[in-house]
Amino acid sequence: MRVLAAMSGGVDSAVAAARAVDAGHDVVGVHLALSETPAALRAGSRGCCSREDAADARRAADVLDIPFYVWDFAARFTADVVDDFVAAYAAGQTPNPCLRCNEKIKFSALLDKALALGFDAVCTGHYARLTAGELRRAVDAGKDQSYVLAVLTSHQLAHAMFPIGDTEKTAVRAEAAERGLRVADKPDSHDICFIPSGDTRAFLGARVGARPGSVVDHTTGEELARHDGVHGFTVGQRKGLGVHAPAVDGRPRYVIGIEPASGTVRVGPATALDVHTIDAARPVWSAGQAPADRFPCVVQVRAHGGLAEAVAVPSADGLRVELDEPLRGVAPGQAVALYRPDAGGDVVLGSATITRAH
């Protein structure tokens with residue numbers, strides 16, 4: 001089988017490519033140039049897609065003795081991931097750029113090009129497993145990335161390979177060292193890859209501009225502070241609210257809701273974050289269709305954490321999720337991933353984008 005190995009320059013994708021070679025596949029390595037200004041990105045563990053990463057990927061391909069190319073997807077990445085990220089925050093939502101990158105870049109733009117060139121599959125270093133066409137959680141629960149892959153269609157999963165999903169991260173690093181891969185001890189990337197400074201609010205402010213509004217008490221409607229734009233807030237946020245006076249009961253305040261049209265950010269106690277029902281749009285089903293008109297599931301609303309048992313009810317225009325127990329910090333723009341409960345919450349059924357939390 002002809003396999004295109006997406007090599008980010010990190011240890012995970014390097015070992016994934018090596019395993020594809022060991023399995024007897026005809027492997028070609030490719031590094032995606034996603035930044036329009038790669039020289040501006042910091043080296044090290046913050047950010048990715050830098051020139052350092054491209055060089056690390058090339059050296060790994062040399063060790064594996066496979067052809068290697070760099071493909072420029074910067075314009076597509078900017079339009080489908082970065083611009084989408086900025087627009088979502090400006091609309092008071094909380095997007096997940098890693099999920100969007102998997103959906104729009106690695107398993108859409110990249111996979112489409114790979115199939116057009118005669119490749120059979122795209123191989124990545126994601127921590128997830130594919131068993132008989134089913135997407136499953138990784139063995140290493142702390143590194144599991146099935147949540148950000150739950151957006152993939154059945155067609156995309158049929159042409160995907162995740163060779164390291166059955167291995168703990170420590171073992172992946174040890175294997176890389178044994179193979180002579182210099183990235184064995186390279187730190188993992190952190191935060192959002194296209195914001196290497198880690199300052200999301202400043203990044204968004206430079207692109208959205210100042211749009212002043214009010215921070216108000218969720219119960220009384222009293223204005224507690226002013227702000228420069230709703231892009232600086234997300235549901236569940238506790239710090240950086242600009243509110244200096246304590247609540248009457250002395251307990252912390254959290255962002256409860258965001259109203260982009262009026263520029264209003266509502267804050268209140270943690271209990272006001274309790275969500276019992278989730279509405280979501282644009283569902284994607286891993287098997288190509290919803291399991292049933294109404295079915296039990298385990299849902300996840302964040303990349304790590306935010307798990308609950310629920311009942312899902314698909315409809316013509318979306319999906320409603322009725323939670324058995326309330327979840328907190330559920331924000332519009334996030335994805336809700338659904339897992340099969342009879343498999344221990346291990347098998348992905350699909351996902352959708354949260355539009356409203358009740």
Side-chain angles (χ1 to χ4, degrees), residues 84-97 192 195 198-282 299-303 305-308 310 313 315 317-336 352-358:
D84 175 84
F85 178 84
V86 174
Y89 262 103
Q93 301 174 354
T94 305
N96 186 309
I192 299 169
I195 311 179
D199 192 339
T200 301
R201 179 174 288 191
F203 175 86
L204 291 168
R207 287 155 179 80
V208 176
R211 296 193 298 175
S214 300
V215 177
V216 304
D217 183 272
H218 175 65
T219 303
T220 67
E222 176 190 0
E223 182 177 292
L224 303 174
R226 300 288 296 174
H227 63 76
D228 292 330
V230 297
H231 59 267
F233 301 89
T234 184
V235 171
Q237 178 178 330
R238 175 183 173 184
K239 298 181 179 180
L241 306 183
V243 179
H244 302 295
V248 174
D249 60 7
R251 294 183 178 180
R253 292 185 175 97
Y254 299 82
V255 174
I256 305 302
I258 300 171
E259 300 167 6
S262 64
T264 302
V265 176
R266 293 183 290 110
V267 299
T271 53
L273 288 169
D274 286 348
V275 167
H276 298 269
T277 305
I278 297 170
D279 290 333
R282 302 186 300 280
V299 301
Q300 183 170 336
V301 297
R302 290 185 293 278
L307 290 164
V313 185
S315 64
D317 57 354
L319 172 72
R320 170 159 284 202
V321 177
E322 301 166 354
L323 302 171
D324 292 356
E325 298 290 338
L327 284 173
R328 289 184 175 177
V330 181
Q334 291 175 323
V336 54
T353 301
I354 298 170
T355 54
R356 188 176 180 184
H358 307 270

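The residues of the chain are indexed from 1 along the displayed sequence.
Minimum heavy-atom separation, D199 to A202: OD1-N, 3.0 Å. When every heavy atom of V321 is checked against every heavy atom of A310, the shortest pair comes out as CG1-CB, 3.6 Å. Closest non-hydrogen pair, A303 versus N96, comes out as CB-ND2, 4.3 Å. Across all non-hydrogen atoms, the minimal contact from V235 to A331 is CB-CB, 3.7 Å. Between A90 and V230, the shortest heavy-atom distance links the atoms O-CG2, 3.7 Å. Taking each heavy atom of P95 and A88 in turn, the nearest pair found is CG-CB, 3.7 Å.
Side-chain contact between I192 and F85 is present, with heavy atoms from C-beta onward closer than 4.5 Å. Side chains of V275 and R328 form no contact here, defined as non-hydrogen atoms less than 4.5 Å apart. In this structure the side chain of I256 reaches within 4.5 angstrom of the side chain of L273, judged on heavy atoms. For the pair E223/S214, a side-chain contact is recorded, criterion being any heavy-atom separation below 4.5 Å from C-beta on. Looking only at side-chain heavy atoms (C-beta outward), R320 and S315 stay at 4.5 Å or farther from each other.
Counting heavy-atom neighbours within 6.0 Å of R356 CZ, excluding the residue itself, gives a total of 12 or less.
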Assess the residue pair V215 and R253 against the criterion (side-chain contact (heavy atoms from CB on, under 4.5 Å)); give the C-alpha distance rounded to whole Å, side-chain angles, the decisive distance to 0.1 Å, and a yes or no. CA-CA 11 Å; V215 177; R253 292 185 175 97; over 6 Å; no

Check step by step if side-chain contact (heavy atoms from CB on, under 4.5 Å) holds for F233 and V267. CA-CA 11 Å; F233 301 89; V267 299; over 6 Å; no

Do T234 and V255 pass the side-chain contact (heavy atoms from CB on, under 4.5 Å) test, and can you show the C-alpha distance, the side-chain angles, and the key distance before you say yes or no? CA-CA 7 Å; T234 184; V255 174; over 6 Å; no

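To the nearest 0.5 Å, atoms CG (D279) and OG1 (T353) are separated by 13.0 Å. In this structure, the separation between CZ on R282 and CG on L319 is 12.5 Å, given to the nearest 0.5 Å. L224 CG to L241 CG: the interatomic distance, rounded to the nearest 0.5 Å, is 9.5 Å. Note: Q300 CD to L307 CG = 4.5 Å, rounded to the nearest 0.5 Å. Expressed to the nearest 0.5 Å, how far CG of D228 lies from CG of L204 amounts to 12.5 Å. Here the NE2-CZ distance, from H231 to R201, works out to 7.5 Å after rounding to the nearest 0.5 Å.
A donor-acceptor contact shorter than 3.5 Å links the side chain of Q237 to the backbone of K239.
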